[in-house]
S.K.: 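The structure that follows is given in the form of structure tokens.
Note that ligands are numbered from 1 as they come in the structure, with each ligand's atoms numbered from 1 the same way.
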Amino acid sequence: MTVTHTVLNQPPAHGPHDAYAEDVALRDAVHREGAGWSEDTLVEVGRLVGDPAWVERGRLANEHRPVLETHDRYGHRIDRVVYHPAYHELMAAGVRVGLHGAPWAEPKPGAHVARAARYVLWPRIDSGTLCPLTMTYAVVPSLRHQPDVAGPWEDKALSGTYDATEAPVAAKQGALFGMAMTEKQGGSDVRANTSVAVPIEAGGPSGAYRITGHKWFCSAPMNDAFLVLAKVDDAPTPSCFLVPRWLPDGTRNTFLIQRLKDKVGDRSNASSEVEFEDTVGWLIGEPHRGVRVIMEMVAHTRLDCVSGAAGWLRAGLVEATWHTVHREAFGRRLVEQPLMRNVLADLAIESEAATALSLRLARAFDQADLDTHEAAIQRIGTPVAKYWTCKRAPVYVAEAMECLGGGGYVEESGMPLLYRQAPVNGIWEGSGNVQCLDALRAMHRSPESIEAYLAEVTPAGEADARLARAVEQLRVQLTSVDERSARRVVERMALVWQAALLVRDGDAAVADAFVASRIAGDGGLAFGTLPGGLDEAAILARVAPWVA
Ligand SMILES: Cc1cc2nc3c(=O)[nH]c(=O)nc-3n(C[C@H](O)[C@H](O)[C@H](O)COP(=O)(O)OP(=O)(O)OC[C@H]3O[C@@H](n4cnc5c(N)ncnc54)[C@H](O)[C@@H]3O)c2cc1C
């Protein structure tokens, strides 16, 4: 083959690096929110996600879609999903570093913050594996409603071993969990569920029910057990059941995987539709109170939606800055072009604000049982933070992709997968409107959550008059929020909260730019519209060593 040219002006490959050490905003937040003790593991995760061999595993797991095998060669149902080996390697690594449940296995102050920080790093290699890891982490508070049934399951869920074998839980080294709420006729409104559960008569397993119905979404269907909502006795509200894939006697439970979803985003993890036909499940919590039980799981998955969104923003920022530092146009590196600097600085402050918010919220999860202020912040802060960080992710990733020019639109850059993934956390576990309505419900049913929120953001106003004015305006708005205005108010709450975190404890240049553009209104609708007079150099110097 004839070599016709030398490749010029393309960025070098991003070699092995420590993604945690390079992320000053994340490091600062980890220390601020009480998880400085977890740095050894964060460095391990940072090096892992910065290792090209693991990036390649993420690529392979997404390149080779999971395959559903409903029957074996003799016609028996097997309902098995076969994943690429890279998926299993990613899952094993995720479990090893505690993404599936470290805060429950080793509870200590800052444990949820420490895990959230690992979670922010993980999307650099893959987002699909985060789904089963999240569900296993999140299920634990719900399982604790029924320790007699769930105790052995919790032990296996927290064992720290990834075990993909198909077997009853007693024979496994580790177990993973999923959830199955959504049905065809109702997702947000789970009271519309039509699945029914009937107690098993004497002679069957004790405390067990037979469930018949369907689930329109059931992600990670190879997980070992699922929390499933189904109605008992024609009650208007569903009950919650633990449904294992294998029964204690070593037979398969009836868990009919109908098909896999052809999703927009990651291909590494499978999402499916399932049918239950006399499927055995054990009641968790009181009958007819299933929504209350499973909402504890949902609250923790929503925390992960925030951390995941923060991770996508950071991943986009890394790619955008790596490219613009190493690429020239019109006689200067892109990162030196004034308009590109404005775009990058705007992306940088958005990413830092999302990271700060994610870890602050995680601290509320750490301390909610001990401190009423933190419990109130957890209640109102979860829907507020989920709504806004997830809403920002798709538009943010699109802008980061644009920084790479045409190459960013090509699969091998990794940006298209990130772009396709970015909307999912806004839909999953309660879509945008549902989050805003949940925040509204918190305000009405737990007015102390508004007080807690205002106590959280007000002190920062002493350091910034623009923020103080915004807090006072919000204080008035919060007295008369209705359904129609919920998005307006929740968006403002998120922005004011992010600003308060940055002003109070963050970098001065980042805080100034965030307040000017997001609070004082001196910015546009697109990224790259920061006003003049800001310390862009200081903002960009924080992003990563290659930018400074
Ligand atoms: C990749 C993926 C994986 C998933 N995995 C699982 C899983 O493992 N288990 C599971 O149970 N589910 C899963 N889901 C389902 C998901 O949680 C639901 O799709 C989601 O809760 C929305 O429900 P729905 O699709 O029925 O939409 P709907 O409830 O019909 O909502 C449609 C739209 O209407 C809005 N809306 C709803 N109510 C109101 C209202 N009162 N006022 C204003 N607007 C409203 C919503 O915000 C949304 O924008 C998954 C979804 C995806 C995309």
S.K.: Do me a favour and list the nearest non-hydrogen protein atom to atom 24 (P) of ligand 1 with residue, atom name and distance?
M.R.: G187 CA, 3.9 Å
S.K.: Considering only the protein, which heavy-atom contact is closest to atom 10 (C) of ligand 1, and what is its distance?
M.R.: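 The closest heavy atom on the protein side is T182 OG1, 3.3 Å.
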S.K.: Pick, from V264, L437, V424, the option with the minimum heavy-atom distance to atom 1 (C) of ligand 1.
M.R.: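 Of the listed residues, V424 has the closest heavy atom.
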S.K.: One thing to verify: whether R57 and E89 come together as a salt bridge, which I'm taking to mean a side-chain N less than 4.0 angstrom from a carboxylate O.
M.R.: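 Salt bridge flag = yes for R57 with E89.
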S.K.: Below 6.0 angstrom between ring centroids: does that apply to Y137 and H112?
M.R.: yes
S.K.: Within a radius of less than 6.0 Å around CZ of R77, do more than 12 heavy atoms belonging to other residues, nucleotides or ligands occur?
M.R.: yes
S.K.: Looking only at protein heavy atoms, which one is nearest to atom 5 (N) of ligand 1, and how far off is it?
M.R.: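 Scanning the protein heavy atoms, the shortest distance from atom 5 (N) of ligand 1 goes to S219 OG, 2.8 Å.
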S.K.: Between R420 and E411, does at least one N-O distance fall below 4.0 Å, as a salt bridge requires?
M.R.: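 E411 and R420: salt-bridged.
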S.K.: Can you tell me which residue and heavy atom of the protein come closest to atom 50 (C) of ligand 1, and the distance to 0.1 Å?
M.R.: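 Protein heavy atom at minimum distance: W428 CD1, 3.2 Å.
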S.K.: Can you report which non-hydrogen protein atom sits closest to atom 20 (C) of ligand 1, along with the distance?
M.R.: I427 O, 3.7 Å
S.K.: For ligand 1, which is the ligand I care about here, please tell me if G186 has any N or O atom under 3.5 Å from one of the ligand's N or O atoms.
M.R.: no
S.K.: Determine whether R252 and D79 satisfy the following criterion, salt bridge (charged side-chain N to carboxylate O under 4.0 Å, His left out), listing intermediate values before the conclusion.
M.R.: CA-CA 10 Å; R252 283 175 191 279; D79 298 288; over 6 Å; no
S.K.: Would you check if K156 and L176 make a side-chain contact, meaning some heavy-atom pair closer than 4.5 Å?
M.R.: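 Answer no - side chains too far apart.
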S.K.: Students should be able to answer this: which protein heavy-atom is nearest to atom 37 (C) of ligand 1, and at what distance?
M.R.: S188 OG, 3.8 Å
S.K.: If we only count N/O pairs under 3.5 Å, is S271 in contact with ligand 1?
M.R.: no
S.K.: Protein heavy atoms: any of them under 4.0 Å from atom 47 (O) of ligand 1?
M.R.: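 Answer yes: something from the protein, a heavy atom, is under 4.0 Å.
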S.K.: Taking NZ, NE, NH1 and NH2 as the nitrogens, is one of them in R115 or D304 under 4.0 Å from a carboxylate oxygen of the other?
M.R.: yes
S.K.: Does a side-chain heavy-atom distance below 4.5 Å link K172 with T165?
M.R.: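 When only atoms from C-beta onward are counted, T165 and K172 do touch, with a gap below 4.5 Å.
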S.K.: Among all protein non-hydrogen atoms, which one is nearest to atom 53 (C) of ligand 1, and what is the separation to 0.1 Å?
M.R.: F217 CE2, 4.0 Å
S.K.: Could an N or O of ligand 1 be found under 3.5 Å from any N or O of D189, whether backbone or side chain?
M.R.: no
S.K.: Provide the number and element of each atom of ligand 1 under 4.0 Å from a heavy atom of C218.
M.R.: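 What qualifies from ligand 1 is 8 (O).
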S.K.: Hey, is G178 one of the residues with a heavy atom under 4.0 angstrom from ligand 1?
M.R.: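 So G178 does not count as touching ligand 1.
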S.K.: With the threshold set at 4.0 Å, does a side-chain nitrogen-carboxylate oxygen contact exist between E183 and K215?
M.R.: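 So E183 pairs with K215 through a salt bridge.
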S.K.: Give the atom numbers and elements of ligand 1 that come within less than 4.0 Å of a heavy atom of M181.
M.R.: 10 (C), 11 (O)
S.K.: Taking the six-membered ring for Trp, is the centroid-to-centroid distance between F255 and F226 below 6.0 Å?
M.R.: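 Yes.
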S.K.: Starting from atom 49 (O) of ligand 1, locate the nearest protein heavy atom and write down its residue, its atom name and how far away it is, to 0.1 Å.
M.R.: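 Here the nearest protein heavy atom works out to S431 CB, 3.8 Å.
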